[in-house]
Amino acid sequence: AKANIGVVGLAVMGSNLARNLASREGNKVAVYNRTWSRTEEVVEAHPEAGFIAAKTIEEFAQSLSTPRTAIIMVKAGKATDAVIDQLVEVFEPGDIIVDGGNALFTDTIRREKAVRETGINFVGAGISGGEEGALNGPSIMPGGSEEAWHTLGPILKSIAAVAEGEPCVTHVGTDGAGHFVKMIHNGIEYADMQLIAEAYDLLRKAAGMTPAEIAGVFEEWNKGELESYLIEITAEVLRQVDAATGKPFIDIVLDQAGSKGTGVWTVQTSLDLGVPVSGIAEAVFARSLSAHPRQRAAASDLPGPSAPPAVSSSDRDAFIEDVRQALYASKIIAYSQGFDAIIAGAEEYGWDIKKGDIAKIWRAGCIIRAQFLNRIAESYAEHPDLEVLVAAPYFAEAVSRTQEAWRRVVIHAVAAGVPTPAFSSSLAYYDGLRAERLPAALVQGQRDFFGAHTYKRVDRDGTFHTLWSGDRSEVEETGSH
Ligand code: NBP
């Protein structure tokens, strides 16, 4: 019998995804890996999967029923291009090539265009949830054509995570839409992690709590509106004790955060789109700062506040609750900014992205899975043309309820000298967003002064310039401005 689906690339992600596919009723899975010994290893280790193992790419193509459908899970970048080139040689028009790796969405747009010219379908699919998700059910964000989705949809639905009875997969939009949304997911993940880290840092340094005590706080928070996978695992990390030293695990880990680039991509793309994703940017910058040990050593003697405020034991519970509220408010801003980037990307690239559906497919299988996403889905269901997520009734109420605590926490952090870039920048964004007048008017005045960049007036249409080096009278610009 032939296979209805194939997987190319059998490292940890590919082999887990292949096993997930094989475990679902009705699937027969063909597998191929550049290095044959790896294929042998995977096939031998998982006889229950009934894989059809292909030694060559030609054999792989022959083992698939038509339309052939293959998911590529190789290292993003050149390896993906190499595999696509090989598959295009052996596939036929109507077949479907899926890239399930972490591709940059602009690469996906380029690849989709090139592959489409051969009559073969190309689908860039963001797959979230790491190894465990690949094996047991990831959140899947496929782009590509409607035609490809027709064949691919049922297969992806069969392996995706399930949230409240619904599979965590939706056809996000054409060409690179899926990888774009996966990128934003990862950006939001960066912001969420940084915000949680700042909450921890405040409880540790400003309130003097131990990692184990803070673990207890996160466990408590995980029962309320902050309930999420990231809060849950944070409690577990903070509870962990290092076997070798008996110290809290958190204290033996080098405090230099790594990254694989999707956070940077989110920020770079958002800069190009003109979307202020300040929470995500601060999260990326916080990792960058942490990873500069020589600069940090050079600055380590610089002074902090001479009289940092103390949190007395009687104030501790109130402080903890303030931090919880600040975390929730900042989190709302991070997601609001992430959805802004999705809206801007959809407009720029012509994708019809259903925001509520994106929130729904993130409810399970991925790192940012949380109850909270239901509230986002509901907000977009009630108000499909919502200008900005934080202004949706549910979130507006949540921010109104928490913003005083948020301010107290940022003030405390500044006074105590505890860095909270994501808390602080989210609050600044919030205050900027709601401001009736922004000092952007002054910036426009400065730009007009030194560069004759012109300005608009609040009281009438037109484009104006003041003759700053002349008699300072105003002239109206005519023509092509
Ligand atoms: P890797 O990213 O480590 O890639 C290893 C695979 O790529 C092997 O199968 C290797 O074959 C193959 N490969 C390479 Br390298 N160069 C190749 C080439 N020129 N031609 C053909 N095959 C080539 O694997 P991974 O960690 O399983 O990740 C796979 C994808 O999934 C990546 O795009 C990654 O970014 C993404 N990912 C996602 C998540 C997530 O949470 N969503 C987590 C981890 C990874 P070989 O055996 O012959 O060397």
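The structure displayed is predicted, hence computed values, not measured ones. Numbering of residues begins at 1 and proceeds along the displayed sequence. Each ligand, and each atom within it, is numbered from 1 in the order the structure gives.
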query: Does T402 reach the main-chain N or O of A398 with its side chain, forming a donor-acceptor pair under 3.5 Å?
result: yes
message: Once rounded to the nearest 0.5 Å, what's the spacing between atom CG of L195 and atom CD of E282?
response: 10.5 Å
query: Taking W406 as the fixed residue, which of Y430, Y328, Y429 is the one that meets the ring pair (Phe, Tyr, Trp, His ring centres under 6.0 Å) rule?
result: Y430
- prompt: What part of N33, side chain, backbone, both or neither, has a heavy atom within less than 4.0 angstrom of ligand 1?
  reply: side chain
- prompt: Considering only the protein, which heavy-atom contact is closest to atom 4 (O) of ligand 1, and what is its distance?
  reply: K75 N, 3.3 Å
- request: For atom 5 (C) of ligand 1, find the nearest protein heavy atom and state the residue, atom name and distance (0.1 Å precision).
  value: A11 CB, 3.7 Å
field: Note, P248 side chain near V241 side chain (heavy atom, < 4.5 Å)
entry: no
query: Do any nitrogen or oxygen atoms of S128 lie less than 3.5 angstrom from nitrogen or oxygen atoms of ligand 1?
result: no
query: For atom 27 (O) of ligand 1, what's the nearest protein heavy atom and its distance?
result: M13 N, 2.9 Å
query: Starting from atom 18 (C) of ligand 1, which protein heavy atom do you reach first, and at what distance in Å?
result: R34 NH1, 3.4 Å
- line: for atom 35 (O) of ligand 1, nearest protein heavy atom and its distance come out as N102 CB, 3.3 Å
field: Proximal atoms of ligand 1 relative to L10 (non-hydrogen, under 4.0 Å)
entry: 9 (O)
- request: Start with the C-alpha gap between E225 and R375, add the side-chain angles, then the distance that decides, and say whether salt bridge (Lys or Arg N to Asp or Glu O under 4.0 Å) holds.
  value: CA-CA 10 Å; E225 58 196 356; R375 307 290 90 76; over 6 Å; no
- request: May I ask you to check if ligand 1 and V83 share an N or O to N or O distance below 3.5 Å?
  value: no
query: Between I127 and ligand 1, does any nitrogen or oxygen pair lie at a separation below 3.5 Å?
result: yes
query: Which heavy atom of the protein is the closest neighbour of atom 41 (O) of ligand 1, given with residue, atom name and distance?
result: G130 N, 2.8 Å
- line: Judged by heavy atoms only, the candidate from V74, T80, I140, V42 nearest atom 33 (O) of ligand 1 is V74
For G9, atoms of ligand 1 separated by under 4.0 Å from a heavy atom: 9 (O)
statement: When V115, D175, D81 are each screened for side-chain contact (heavy atoms from CB on, under 4.5 Å) with R110, the one that passes is D81
query: In terms of atom number and element, which parts of ligand 1 are under 4.0 angstrom from non-hydrogen atoms of M73?
result: 29 (C), 31 (O)
Check: S158 side chain, R24 main-chain N or O, donor-acceptor pair, under 3.5 Å: no
task: Kindly assign one of parallel, tilted or perpendicular to the pair F105 and F180, based on the angle between their ring planes and the thresholds 30° and 60°.
output: perpendicular
query: How are the rings of Y349 and W351 set relative to one another: parallel (under 30°), tilted (30 to 60°) or perpendicular (over 60°)?
result: parallel
query: Do S145 and N121 have side-chain N/O donor and acceptor atoms under 3.5 Å apart?
result: yes
statement: Residue, atom and distance of the protein heavy atom nearest atom 26 (O) of ligand 1 read V12 CG1, 3.7 Å
query: What protein heavy atom sits nearest atom 48 (O) of ligand 1, and how far off is it?
result: T35 OG1, 2.5 Å
